[in-house]
Amino acid sequence: MLHLDLLRREPDHVRVAARRRGIGAEFVDRILDLDRERRAALTTVEALKAEKNALTAEIGKAADKKAAAAGLRPRIAELDARIAAAGERLPAFDQQIDAALTEVPNLLDGSVPDGSDEHANVLVRSWGEAPRFAFTPKPHWEIGERLGIFDFERAAKLSGSRFTVLRGAGARLSRALAQFFLDRAARNGYVEIDPPLLVSRSTMWSTGQLSKFSDQMYSFDGDGASDALYLIPTAEVPLTAMHRDELLAGDALPVRYAAHTPCFRKEAGAAGKDTRGLIRQHQFEKVELVWLTTPERSFDDLETLVRNATGLYEELGIAHRVMLLCAGDTGFNAAKTFDVEAWMPGADTYREISSCSNCTDFQARRSSIRFRREAGAKPELVHTLNGSGGAIGRTLVAIVENYQRADGGVTIPEILRPFAGFASIEPDGRVR
RNA sequence: GGAGAGAUGGCGGAGCGGUUGAACGCAGCGGUCUUGAAAACCGCAGGUCCUUCACGGGACUCGUGGGUUCGAAUCCCACUCUCUCCUCCA
C-alpha cells in the first residue's frame with residue numbers, strides 16, 4: 001500500500017498515476033478528507049490525554065497518594081469523559097482510511113509507457129528465431145496426447161477442467177525442468193526455500209493478494225476467521241512474507257530466494273481463455289525468484305532478475321522476447337513489470353512464461369519489512385521484486401512445440417538432458 | 001487430542017501497580033587514549049504516529065484484544081503463537 005503521507009504531499013502525483021492505470025482518482029480526496037478529520041480528532045484526544053497523564057503523574061509523586069488521588073479524581077473523571085467523546089470516531093476513521101488505502105495500486109515508475117492493455121506493451125529486446133518446420137507445427141496438446149505424456153481427459157475425470165495429468169516422459173520432463181531451474185537459481189546466488197503451500201490470511205493480505213484478487217484464491221475456512229488458510233497462488237507470497245515484521249541489517253541485503261512450488265488459481269474471469277492444453281491451469285508449478293533489496297538499486301536488480309529469467313530460455317534454445325508492460329497492464333503491486341514471452345509454434349505467437357516485477361516499497365509497507373542501512377540509522381522499507389524463473393508447465397509447452405519433429409516425437413534440448421536422463425521422446429512415447 | 005511453561009528493545013535478559021520507555025550484558029554510534037587498531041574508560045542511543053518552518057512538545061508501544069485502577073510490562077479475562085511432556089502419525 002501507499003504511504004498516506006504521499007497522498008498528503010503529492011496528491012496530484014497519485015491522481016495522475018491512478019488515471020494512467022485507468023482507474024478513477026476520486027479516492028484521493030475522499031482519503032484526504034478522512035485524514036483531515038482523523039488528525040483533528042487525534043490532536044484533540046492527545047492533548048486531553050497529556051493533561052490527564054500530568055495529573056496522574058502528580059498523584060504518583062505526591063507523598064500522600066491517597067489524598068492526592070481523592071482530590072484529583074473529579075478532574076480526571078471529567079477528562080476521561082472528554083477523551084471518550086473526542087475519540088469516539090477515531091477507530092472508524094482509521095478503519096475507513098485503511099480500507100480505502102489498501103485498494104490503491106502501487107505508483108508506476110516513470111519509465112512505464114502509457115496504454116490501457118497489452119497492445120501498448122513495449123518490445124524491449126528479443127532473442128533467437130522461431131524455428132522453421134518443414135511441416136505444420138502442432139499445438140502441444142495434440143503432440144502431448146499422441147505421445148501419452150499429457151492426459152487431459154483423465155485430469156478432467158479426476159478434477160474437472162484446467163487440470164492436467166502428466167505421464168511418463170511428461171512427468172519426468174516437468175521434474176527435470178524444476179531441477180534445471182533450481183540449479184540455475186542456486187548458481188545465480190538465490191537461496192532455495194521450500195515454503196508452506198498453505199498460508200494464513202494475514203500472510204496473504206500482507207503481500208497484497210487479498211481484497212483485490214481474493215476471487216483467485218482457494219481457501220479453507222477453518223473454525224474461525226483467524227485460522228483460515230489459503231493455497232498460495234504463487235510462491236511470491238510466502239517468500240516475500242518470510243521477513244514480515246522484521247528489521248533486517250543493511251548488509252544482509254539483497255536477500256534472494258528461489259522456491260519450486262505448485263501454484264493454485266481459480267482463474268475466475270478467464271472463462272473461455274486458453275481452455276485447451278496446459279497454458280492456463282488451476283494448478284501449475286513454477287520456480288519463483290524473490291528479492292528483498294534496497295531502494296537505490298531495486299530497478300537495476302529488476303534488470304538482473306529479468307536476465308536470470310531470460311538466461312534460462314537462452315540455454316534451452318527457445319526464442320523469446322522481453323516486453324515492458326504498459327500502465328494498464330501492470331499489476332496492482334508492481335511499479336514496473338517486464339514479461340518474458342516465449343515463442344510457441346503451435347499457437348504461432350509469443351506467450352508469457354515469466355513476469356518480473358519491482359513492487360518497490362508497496363508490499364514492504366504492508367508487510368512491514370524494513371532494514372537499517374547502518375547502525376543508528378532510521379529503519380527504511382525494503383523494495384521487493386519477484387519473477388518466475390521459470391514457469392514449468394508453460395516451458396514444457398514451449399519445449400514440446402519448439403522441439404517437435406515431423407514424426408511426432410520431441411527432441412530434448414541439450415542442456416536439459418542430464419536433468420531429464422533422456423535425449424528425446426519417440427513417437428511411441430518411449431524415451432531415448 | 002491431554003498436561004504444563006512461556007511471549008519484554010537489533011540480540012540475550014531483569015523488572016514490589018506509581019518519573020520504568022523499561023536495569024544489566026552483547027552488538028551500535030560519538031569521544032578520551034593510541035602512529036593506527038585493539039583493550040580500557042566516559043557519553044549517546046528503541047519504534048510508530050500527531051504537532052512544529054525549526055529547536056522542541058505530545059500520544060501510543062513490553063505477543064494481540066478487552067477489563068480492573070487516578071495510574072498497568074506488572075492484577076483479571078479471552079485469543080494467538082512458541083517450547084516441554086504424553087497421545088497420535090507421514
Side-chain angles (χ1 to χ4, degrees), chain A residues 1-9 31-98 100-102 194 196-206 220-230 238 241-253 255 292 294 361 364-382:
Chain A
M1 85 184 144
L2 297 180
H3 194 49
L4 184 53
D5 206 41
L6 183 74
L7 269 78
R8 288 182 198 143
R9 279 207 290 237
I31 292 175
L32 286 178
D33 284 344
L34 285 166
D35 179 48
R36 252 187 298 277
E37 288 194 72
R38 187 193 82 100
R39 277 147 78 198
L42 186 62
T43 307
T44 309
V45 168
E46 288 189 355
L48 291 169
K49 280 189 178 174
E51 214 176 307
K52 177 188 171 178
N53 287 346
L55 296 182
T56 300
E58 245 177 73
I59 298 173
K61 273 184 278 191
D64 185 349
K65 294 185 174 57
K66 273 202 179 137
L72 289 171
R73 210 168 280 141
R75 284 177 65 190
I76 289 172
E78 189 230 323
L79 282 169
D80 276 337
R82 288 170 65 193
I83 289 167
E88 206 178 14
R89 295 174 65 196
L90 228 36
F93 285 140
D94 287 337
Q95 212 177 347
Q96 287 175 54
I97 291 170
D98 214 49
L101 214 49
T102 56
D194 189 354
L197 308 179
L198 285 163
V199 299
S200 67
R201 185 181 177 77
S202 53
T203 295
M204 204 55 104
W205 188 89
S206 72
F220 301 89
D221 285 342
D223 296 330
S226 63
D227 55 355
L229 288 172
Y230 294 77
M242 279 227 291
H243 294 287
R244 180 154 54 100
D245 295 322
E246 288 184 26
L247 181 52
L248 305 167
D251 58 14
L253 298 178
V255 169
L292 305 183
T294 53
D361 61 8
R365 182 169 298 107
R366 211 160 157 153
S367 310
S368 185
I369 309 170
R370 299 175 300 166
F371 75 103
R372 217 190 278 282
R373 199 170 284 277
E374 57 202 31
K378 280 274 165 205
E380 296 174 60
L381 294 168
V382 303

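No experiment lies behind these values; they were computed from the predicted model shown. Each chain gets a letter, A, B and so on, in the order its sequence line appears, and its residues count up from 1.
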Practice task
Please map the stems of RNA chain B, keeping only stretches of three or more Watson-Crick or G-U wobble pairs with both distances under 3.5 angstrom.
Solution key: B:1-7 with B:80-86, B:10-12 with B:24-26, B:28-32 with B:40-44, B:47-51 with B:56-60, B:63-67 with B:75-79
Exercise for the section: Examine the side chains of A:Ser200 and A:Thr203 and answer whether a donor and an acceptor come within less than 3.5 Å of each other. Expected result: yes
Completion exercise
5'-most contact on RNA chain B (nearest-nucleotide basis), A:Ala57 vs A:Thr43, goes to A:Ala57
Where the side chain of [X] is concerned, which of [options] is the nearest nucleotide?
X        : options             : value
A:Pro379 : B:C50, B:C60, B:U48 : B:U48
A:Asn53  : B:G10, B:A59, B:C50 : B:A59
A:Lys378 : B:G10, B:U48, B:U51 : B:U48
A:Lys49  : B:G10, B:U51, B:C60 : B:C60

When all nucleic acid strands are considered with a 4.0 Å heavy-atom cut-off, which category describes [X]: base, sugar-phosphate, or nothing?
X        : answer
A:His3   : sugar-phosphate
A:Arg373 : nothing
A:Ala50  : sugar-phosphate
A:Arg372 : sugar-phosphate

Grab the N/O contacts between the protein and nucleotides 67-70 of chain B below 3.5 Å, and write none if there aren't any.
unit_1 : atom_1 : unit_2  : atom_2 : d
B:C70  : OP1    : A:Arg73 : NE     : 3.1
B:C70  : O2'    : A:Thr56 : OG1    : 3.4

Exercise for the section: Find out whether A:Leu292 and A:Leu253 are in side-chain contact, i.e. whether some heavy atom of one side chain is under 4.5 Å from a heavy atom of the other. Expected result: yes
Exercise for the section: Could you tell me the separation between the CZ atom of A:Arg39 and the CG atom of A:Leu90, rounded to the nearest 0.5 Å? Expected result: 12.5 Å
Handout entry: A:Ile31 CD1 to A:Leu101 CG distance, which is reported to the nearest 0.5 Å
Key = 5.0 Å
In whole angstroms, how far is the [atom2] atom of [N] from the [atom1] atom of [X]?
X        : N     : atom1 : atom2 : value
A:Ile83  : B:A59 : CD1   : P     : 10 Å
A:Leu247 : B:A45 : CG    : C1'   : 14 Å
A:Arg365 : B:U48 : CZ    : C1'   : 13 Å
A:Asp245 : B:C11 : CG    : C1'   : 17 Å
A:Leu4   : B:U48 : CG    : P     : 16 Å

Handout entry: The single option from A:Leu381, A:Leu2, A:Val382 passing side chain to side chain contact (heavy atoms under 4.5 Å, CB included) against A:Asp361
Key = A:Leu381
Practice task
Give a yes/no on whether any side-chain N or O of A:Arg38 is located under 4.0 angstrom from OP1 or OP2 of B:C49.
Solution key: no
Practice task
Kindly say if A:Arg201 contacts the phosphate of B:U80, meaning a side-chain N or O under 4.0 Å from OP1 or OP2.
Solution key: no
Problem - Greater than 12 external heavy atoms within 6.0 Å of A:Arg8's CZ - result: yes
Handout entry: Exceeds 12 heavy-atom contacts within 6.0 angstrom, atom CD of A:Glu246
Key = yes
